[in-house]
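Read through the structure below, which is laid out as structure tokens, and then see the notes.
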2 protein chains.
Amino acid sequence: MTRRHNRTRGDRGIPEATVARLPVYLRALHSLQEREIATVSSEELAAAAGVNSAKLRKDLSHLGSYGTRGVGYEVEYLVYQISRELGLTQDWVVAIIGVGNLGRALAGYGGFASRGFRVAGLLDADESVVGEQISGLSVRHIDDLEQVIADHGVSIAVIATPAAAAQGLCDRVVAAGVTSVLNFAPVVLSVPEGVDVRKVDLSIELQILAFHEQRKAGGPGEAGAEGWGEDHDGDRADDRARGQEPPETTQYVEAVEA
Amino acid sequence: MTRRHNRTRGDRGIPEATVARLPVYLRALHSLQEREIATVSSEELAAAAGVNSAKLRKDLSHLGSYGTRGVGYEVEYLVYQISRELGLTQDWVVAIIGVGNLGRALAGYGGFASRGFRVAGLLDADESVVGEQISGLSVRHIDDLEQVIADHGVSIAVIATPAAAAQGLCDRVVAAGVTSVLNFAPVVLSVPEGVDVRKVDLSIELQILAFHEQRKAGGPGEAGAEGWGEDHDGDRADDRARGQEPPETTQYVEAVEA
DNA sequence: ATCTGTGAACATGTTCACAGCC
DNA sequence: GGCTGTGAACATGTTCACAGAT
């Protein structure tokens, strides 16, 4: 999606689509580890991860030849390789900006520390929240943002503030040296080259569901395409009949907010 | 991603990638509306949405010919067309299952009602939460799940429970007639054909950021590929040197949890 | 003159099907 | 025999560049 085109020579880049699935495989593998299963076939692991086995094998083949033909993959070894590829063998220091319900949910999220993400700062602009203890951390005032980032070496900022505050705070964390941002605010953040932004947007997810839900009933426009005088164009020679889409089952992977 | 292959005749399906971006365009358009801007060019709207203009035009062309050459798009009309396409001209009834911090954040989220999503039920298994008033709704006991779904005609269920409870609750909502599920629990849900599941997974997002962050420093494996006796294969003739990836700026669109 | 809509070229992602190894 | 790893076929998505409408 962002990867440079025409990669040349040796091409050790892992496709974005694969990177996005590695965490899913990792989770499935951890669950196998808990059940003390030592070896797994691509078929089994794929089922646990909700993908098909060809895709799983192709994905893993981008990391190396870590399986054994006729046997499968050794769970522990694969966990290690994927973790290393994702950079989870080192710790990442995270600051959470905005301590509303969402910020609290994030601060309390277990799968955090367990995956090498250490929350080193909670920040908020609301004086009545500053000082509160949450998951063993004291909430700092947003004025201390740069200080907290510098003191703890924060490299990932999670923005869980209202939309209006997000871009300004993003600019500040980037100026303070943060190069990865996870944005929950419903705005498109702009950042300089070299900074990664990922977006999580609940309302977008719901709208996508609504789109498919509507298809399951009967085509769009049920609620009437009326009341638009103008008769705008009227072209679209191809008929409007969309009919029912085939149903879908697969697990997607897309954007969301809250 | 799930669309059937070899679509034939008339093909009125809108590409998934386009569907995923329509909500983003819609948000940008609403912001233009607030600033009382009546007309917008593909260039301007694309900038506001964080995509390039060719992509925007191609996306909109899937809905119809709603622009005017030499001029641009009429904001209000485009808002209407996209809303209709997404099924936002009708109301969708939502139940939120799990009223922890995340469930509360979702219940209080404004962009909800404003986009045609009506939260008709909050449910939790914890007796100490049942009965609590949140955003004007009284939390119901999870035992009432089927009742709430039937009474209010819920068509979208949001699962914001711990992982262990998610599949069971998913089975129940599906049995009760829900055909769209938004899952925040860190598990792969399996559902019958015809039911849509979307997943939002915070830890996955963080892991993807960590991957890119690691690349910005120097290749993976910094923390050493040691301690794995076995010397497993050792093949991978292509050298391990990944070097620095070019930096990235673009806004992605992917999966997350909390 | 300007800006949309789109065919054609390119790039990425997925699936098939089987060679190759255990 | 069984299962991985992968080339080749297919499908989807993106970008370019320009014809065509206003």
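Protein chains get the first letters and strands the later ones, always in sequence-line order, with residue 1 at the start of each. The figures here come from the full heavy-atom set of this structure, side chains too, leaving out hydrogens, waters and symmetry mates.
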Practice problem: Could you state the atom-to-atom distance from CG of L56(B) to C1' of dC3(C) in whole Å? | Solution: 12 Å
Exercise. Examine dG5(C): is either OP1 or OP2 under 4.0 Å from a nitrogen or oxygen in the side chain of Y73(B)? Give yes or no.
Key: yes
Quiz item: With a 3.5 Å cut-off and just heavy-atom distances, do the side chain of R69(A) and the base of dT4(D) make a donor-acceptor pair?
Solution: yes
Practice problem: Calculate the interatomic distance between L78(A) atom CG and dT4(D) atom P; express it in whole Å. | Solution: 11 Å
Self-check item: Interatomic distance where CG belongs to D59(A) and C1' belongs to dT15(C) [whole Å]
Solution: 12 Å
Practice problem: Could you tell me whether a side-chain N or O of Q33(B) sits under 3.5 Å from a main-chain N or O of E76(B), the two making a donor and an acceptor? | Solution: no
Quiz prompt | Phosphate OP1/OP2 of dC3(D) contacted by S42(A) side-chain N/O (<4.0 Å) | solution = no
Self-check item: Y66(B) OH to dT6(C) P, straight-line distance once rounded to whole Å
Solution: 12 Å
Quiz item: Roughly how many Å is it from NZ in K58(B) to P in dC10(C), rounded to a whole number?
Solution: 15 Å
Quiz prompt | Between dT4(C) (C1') and E44(B) (CD): distance, integer Å | solution = 13 Å
Exercise. Taking only the side-chain nitrogens and oxygens of T68(B), find out if one of them lies under 4.0 Å from OP1 or OP2 of dT4(C).
Key: no
Quiz item: K55(A) side chain N/O closer than 4.0 Å to the phosphate oxygens (OP1, OP2) of dT15(C)?
Solution: yes
Self-check item: Of G70(A) and A54(A), the one whose closest DNA chain C nucleotide lies more 5'
Solution: A54(A)
Quiz item: Under 3.5 Å, side chain of Q207(A) to main-chain N/O of S203(A), donor-acceptor pair present?
Solution: yes
Exercise. May I ask you to check whether over 12 heavy atoms, not counting those of E43(A), lie within 6.0 Å of atom CD?
Key: no
Exercise. Could you tell me whether the phosphate oxygens of dT14(C), OP1 or OP2, come under 4.0 Å of any side-chain nitrogen or oxygen in N52(A)?
Key: no
Quiz item: E43(B) has an atom CD; how far is it from atom P of dT2(C), in whole Å?
Solution: 14 Å
Quiz item: Ignoring hydrogens and geometry, is there a side-chain-to-backbone donor-acceptor pair from Q214(A) to E85(B) under 3.5 Å?
Solution: yes
Self-check item: Residue whose closest nucleotide on DNA chain D lies nearer the 5' end, L60(A) versus R57(B)
Solution: L60(A)
Quiz prompt | Residue pair S180(B) / E213(A), side-chain donor-acceptor N/O under 3.5 Å | solution = yes
Practice problem: Give a yes/no on whether any side-chain N or O of S65(A) is located under 4.0 angstrom from OP1 or OP2 of dG5(D). | Solution: yes
Self-check item: Gap between atoms CD and C1', on E74(B) and dC3(C) respectively (whole Å)
Solution: 16 Å
